[in-house]
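All values derive from a computational prediction rather than experimental measurement.
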Amino acid sequence: MSSEAILRFENISKNINRTEILKNINFKVERGEVVGIIGKNGSGKTTLLKLASGLSYPTKGEIYFFDKKLEPGFVGRLPQNIGVLIETPSFISNLSGFDNLYYLSKIRNIISKDDITETIEKVGLDSNNKNPFKTYSLGMKQRLGIAQALLNEPKLLICDEPTSALDPISTSKVEELMATLKNQYTIVIVTHNMQQASRIADYTAFFLVGEMVEYG
């Protein structure tokens with residue numbers, strides 16, 4: 001495994017409305033690793049995800065993506081190679097999974113239909129399925145969300161509660177998919193499920209009320 005750090009948090013603190021959400025966080029994610037971020041609601045997991053993806057900025061400390069410091073206001077310094085799966089991915093309800101990804105791909109206009117087909121099939125969906133997104137099961141919707149996150153071939157994949165609200169069978173299938181993806185991507189999984197993190201992740205970071213209390 002390479003020792004190259006893709007993502008580094010150095011002495012990170014984050015205040016929101018004068019409330020300290022994260023306090024003095026230090027950790028790194030190296031190429032090829034799967035890191036699980038574990039904690040209950042309100043422990044700062046989602047705030048950490050927003051900081052890592054450039055959607056928010058720390059009050060104190062520094063974040064580096066491939067040794068490039070993330071700085072607010074400098075678009076050129078925002079992370080460009082991060083794929084993010086939000087907890088409940090949303091798409092155009094009357095379009096198929098393929099068509100949803102096709103229209104999203106037009107934003108950058110560098111992704112071909114063959115790329116979309118390959119990505120959809122990579123997550124275990126049928127690229128020829130013409131049924132609208134609104135008919136998809138929760139597990140299928142989550143897989144399509146993962147496909148969207150993978151479209152731009154990210155260097156880092158961040159997943160926010162990837163099996164939230166899924167039934168046990170769908171949860172198992174998504175976990176199997178994650179186990180496959182870990183051979184190709186560096187992944188950060190934000191979850192409250194310790195057992196799930198232990199099954200998927202190489203390392204886990206435990207958060208308690210804004211502080212990282214254990215990493216290993």
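To the nearest 0.5 Å, atoms CG (Leu49) and SG (Cys159) are separated by 9.0 Å. Rounding to the nearest 0.5 Å gives a distance of 10.0 Å between CD1 of Ile189 and CD1 of Ile37. Taken from CD1 in Ile120 to CZ in Phe98, the straight-line distance is 6.0 Å, to the nearest 0.5 Å. For the atom pair CZ (Arg143) and CG (Leu85), the distance works out to 12.0 Å, reported to the nearest 0.5 Å. Here the OG atom belonging to Ser198 is positioned 8.0 Å from the CG atom belonging to Asn193, to the nearest 0.5 angstrom. From Leu150, atom CG reaches atom CD1 of Ile116 across 13.0 Å, with rounding to the nearest 0.5 Å.
Judged by distance alone, with hydrogens and angles left aside, the side-chain atoms of Lys155 form no donor-acceptor pair with the main-chain N or O of Ile82 at under 3.5 Å. Judged purely by atom type and a 3.5 angstrom limit, Lys182 uses its side chain to pair as donor or acceptor with the backbone of Ile200. Under the 3.5 Å distance criterion, the side-chain polar atoms of Ser172 are left unmatched by any main-chain donor or acceptor of Ile169. A distance-only check finds a donor-acceptor pair linking the side chain of Ser112 to the backbone of Asp115 [under 3.5 Å]. Side chain of Asp126 to main chain of Asn128: a donor-acceptor pair is present (N/O by atom type, distance under 3.5 Å, no hydrogens or angles). Counting only distance, with no hydrogens or angles, the side chain of Thr119 and the backbone of Leu151 share no donor-acceptor pair below 3.5 Å. In this structure a side-chain-to-backbone donor-acceptor pair under 3.5 Å is missing from Asn81 to Pro154. In this structure a side-chain-to-backbone donor-acceptor pair under 3.5 Å is present from Asn26 to Asn11. Under a 3.5 Å cut-off, the side chain of Asp99 and the backbone N or O of Leu95 do not form any donor-acceptor pair. Panel note: side chain Ser13, backbone Asn24; a donor-acceptor pair is recorded below 3.5 Å.
Annotation for Pro162 and Met178: closest pair CB-CE, 4.0 Å, computed over non-hydrogen atoms. Of all heavy-atom pairs between Thr171 and Gln196, the closest is CG2-NE2, 4.0 Å. Residues Ile111 and Ser105 share a closest heavy-atom pair of CB-CB, 3.8 Å. Residues Ser93 and Pro132 come closest through the heavy atom pair O-CB, 3.4 Å.
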Would Lys28 and Glu30 satisfy salt bridge (charged side-chain N to carboxylate O under 4.0 Å, His left out), going step by step from the backbone distance to the final call?
-> CA-CA 6 Å; Lys28 64 181 178 179; Glu30 296 184 352; 3.2 Å; yes
Evaluate the criterion side chain to side chain contact (heavy atoms under 4.5 Å, CB included) for residue pair Val35 and Thr204; output intermediate values, then yes/no.
-> CA-CA 6 Å; Val35 176; Thr204 52; over 6 Å; no
For side chain to side chain contact (heavy atoms under 4.5 Å, CB included), just list the numbers for Arg8 and Asp67, CA-CA rounded to whole Å, side-chain angles, deciding distance to a tenth of an Å, and then say yes or no.
-> CA-CA 8 Å; Arg8 287 188 289 126; Asp67 291 326; 2.9 Å; yes
For side chain to side chain contact (heavy atoms under 4.5 Å, CB included), just list the numbers for Val174 and Leu166, CA-CA rounded to whole Å, side-chain angles, deciding distance to a tenth of an Å, and then say yes or no.
-> CA-CA 9 Å; Val174 170; Leu166 297 186; 3.7 Å; yes
Take Ile21 and Thr19 through the test side chain to side chain contact (heavy atoms under 4.5 Å, CB included) and record every step on the way to the result.
-> CA-CA 6 Å; Ile21 306 300; Thr19 299; 4.0 Å; yes
Derivation of the salt bridge (charged side-chain N to carboxylate O under 4.0 Å, His left out) call for Arg199 and Glu175 = CA-CA 8 Å; Arg199 288 191 293 268; Glu175 288 184 0; 2.7 Å; yes
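Looking at Thr163 and Gln142, their side chains never come closer than 4.5 Å, going by heavy atoms from C-beta outward. Looking at Lys69 and Ile63, their side chains never come closer than 4.5 Å, going by heavy atoms from C-beta outward. A 4.5 Å side-chain heavy-atom check between Tyr136 and Leu144 finds at least one atom pair inside the cut-off. With contacts defined as side-chain heavy-atom distances shorter than 4.5 Å, the pair Tyr103/Ile92 does not qualify. Side chains of Leu156 and Leu7 form a contact here, defined as non-hydrogen atoms less than 4.5 Å apart. Using a 4.5 Å heavy-atom cutoff, the side chains of Lys45 and Glu161 are in contact. Residues Asp167 and Leu138 fail the side-chain proximity criterion, which asks for heavy atoms closer than 4.5 Å. Side-chain contact between Ile12 and Leu51: present, with at least one pair of heavy atoms (C-beta onward) separated by less than 4.5 Å.
Within 6.0 Å of atom NZ in Lys173, 12 or fewer heavy atoms from other residues, nucleotides or ligands are found, so the atom counts as exposed in its surroundings. For OH of Tyr102, the number of neighbouring non-hydrogen atoms (other residues, nucleotides, ligands) closer than 6.0 Å is 12 at most.
Hydrophobic clustering (side-chain heavy atoms under 4.5 Å, transitive across Ile, Leu, Val, Met, Phe, Trp, Tyr) keeps Leu70 apart from Tyr64. When the side chains of ILVMFWY residues are joined at heavy-atom separations under 4.5 Å, either directly or via intervening members, Phe66 and Val188 end up in a single hydrophobic cluster.
Glu33 and Thr186 are not linked by any side-chain donor-acceptor pair at a separation below 3.5 angstrom, with hydrogens and angles left out of the test.
Residues that satisfy the side-chain contact (heavy atoms from CB on, under 4.5 Å) test with Glu153, not counting sequence neighbours, are Lys122, Tyr185.
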